[in-house]
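A, B, ... follow the sequence lines: proteins, then strands. Residue 1 opens every chain. We use all heavy atoms of the structure for the numbers below, so side chains are in, but hydrogens, waters and symmetry mates are not.
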Amino acid sequence: DAGITQSPRHKVTETGTPVTLRCHQTENHRYMYWYRQDPGHGLRLIHYSYGVKDTDKGEVSDGYSVSRSKTEDFLLTLESATSSQTSVYFCAISGGTGSYEQYFGPGTRLTVT
Amino acid sequence: EDQVTQSPEALRLQEGESSSLNCSYTVSGLRGLFWYRQDPGKGPEFLFTLYSAGEEKEKERLKATLTKKESFLHITAPKPEDSATYLCAVQAGSVRANNLFFGTGTRLTVIP
């Protein structure tokens, strides 16, 4: 998985609780992304980062926040989890200029009850 | 509005039976088209990037081609281990920071 780890790999949480997912890379890539994958929707971008402390919103950012204090770590926080946020979350990295392909982590399966 | 449509949604092939998967797109200023393979319970695995119409890329039994409106992933003499979901994604001129827009995938099953 191109030096990308995600933690936890599985989590069950209750509605209304905050949840933080972590993505860690060892490739020193500039760009990092959070996606969610749901049946019938494909992969949808939540937030992305183009450098330390530089982040921006994606297609489905409502209810999510992110932080990147180090090149290697990108955190996704569900501020108050809802059942609609039950999904599989993938982190991806990209090298930037001249290299546009993204490499994905193994995913985190989140269930909100 | 940018759109990526993959067909068929699912495909069952006998081992050795060649076929093609389709990815049609409508985007503003295509910068690249990407193919990924995804196995159940795993993250997508990068296969190919195509940048301009007429370009072709090959890897083992897979060959990807690109026209101005669509891309095909040709699978020649598939084996059971080629069973997976194949995802297509585009990177368009209107999108920032190398963001990708994905189709919903084609689930391929190769029967021994």
Side-chain angles (χ1 to χ4, degrees), chain A residues 1-7 9-10 21 23 25 27 29-51 54-61 66 68 74 87-109, chain B residues 1-10 21-25 27 29-52 55 57 59 64 66 71 84-107:
Chain A
D1 292 319
I4 309 169
T5 56
Q6 293 185 231
S7 59
R9 294 293 314 280
H10 302 272
L21 309 183
C23 176
Q25 60 143 330
E27 305 295 323
H29 279 9
R30 176 183 176 188
Y31 297 95
M32 298 186 76
Y33 310 82
W34 278 107
Y35 290 88
R36 61 178 289 173
Q37 188 174 39
D38 305 288
H41 286 280
L43 284 153
R44 292 180 291 172
L45 182 66
I46 304 170
H47 282 279
Y48 64 94
S49 169
Y50 46 96
D54 291 323
T55 64
D56 206 345
K57 296 178 180 180
E59 180 187 0
V60 290
S61 60
V66 290
R68 191 172 179 196
F74 192 32
S87 187
V88 180
Y89 291 86
F90 288 100
C91 173
I93 64 174
S94 173
T97 304
S99 175
Y100 301 124
E101 62 267 17
Q102 295 181 14
Y103 297 93
F104 284 80
T108 294
R109 181 172 295 276
Chain B
E1 181 179 301
D2 296 345
Q3 197 163 18
V4 176
T5 304
Q6 292 189 245
S7 62
E9 287 187 16
L21 314 182
N22 177 262
C23 172
S24 62
Y25 60 90
V27 296
L30 181 73
R31 290 166 56 200
L33 186 139
F34 301 78
W35 282 98
Y36 286 84
R37 169 194 171 123
Q38 186 173 24
D39 293 302
K42 296 191 174 182
E45 174 189 348
F46 170 72
L47 293 173
F48 304 109
T49 308
L50 301 166
Y51 291 106
S52 57
E55 189 175 0
K57 295 250 177 101
K59 180 180 180 180
L66 181 65
S71 177
T85 296
Y86 291 86
L87 304 173
C88 167
V90 297
Q91 192 172 65
S94 61
V95 180
R96 295 171 292 173
N98 303 332
N99 295 348
L100 299 181
F101 187 79
F102 282 84
T104 54
T106 293
R107 187 173 67 255

ask   = Is the shortest heavy-atom distance from the side chain of F34(B) to the side chain of Q102(A) under 4.5 Å?
value =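 Not touching, per the 4.5 Å side-chain cut-off.
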
query = With a 4.5 Å heavy-atom cut-off, do L100(B) and Y33(A) have their side chains touching?
reply =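 In short, these two side chains do not touch, never coming nearer than 4.5 Å.
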
inquiry  = Looking at E9(B), I'd like to know if its CD atom is crowded, meaning that more than 12 non-hydrogen atoms belonging to other residues, nucleotides or ligands lie closer than 6.0 Å.
reply    =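 No, because the 6.0 Å sphere around CD of E9(B) holds 12 heavy atoms or fewer from other groups.
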
Sequence-distant partners of D38(A), salt bridge (charged side-chain N to carboxylate O under 4.0 Å, His left out), two or more places apart =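 Partners of D38(A) under the salt bridge (charged side-chain N to carboxylate O under 4.0 Å, His left out) test: R36(A), R44(A).
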
All salt bridge (charged side-chain N to carboxylate O under 4.0 Å, His left out) counterparts of K57(B), not counting sequence neighbours = E55(B)

inquiry  = Quick check: closest heavy atoms across E101(A) and Y36(B), and the distance to 0.1 Å?
reply    =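 Residues E101(A) and Y36(B), closest heavy atoms: C-OH, 4.2 Å.
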
query = Which atoms of F48(B) come close to chain A, meaning under 4.5 Å heavy atom to heavy atom: side chain ones, backbone ones, both, or neither?
reply =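 Neither part, no heavy atoms under 4.5 Å.
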
inquiry  = Is L45(A) close to chain B through its backbone or its side chain, or both, or neither, when contacts mean heavy atoms under 4.5 Å?
reply    = side chain

query = Between Q37(A) and chain B, which part of the residue has a heavy atom less than 4.5 Å away: side chain, backbone, both or neither?
reply = side chain

remark   = Counting heavy-atom pairs under 4.5 Å with chain B, the top scorer among G40(A), G58(A), C91(A), G42(A) is G42(A)

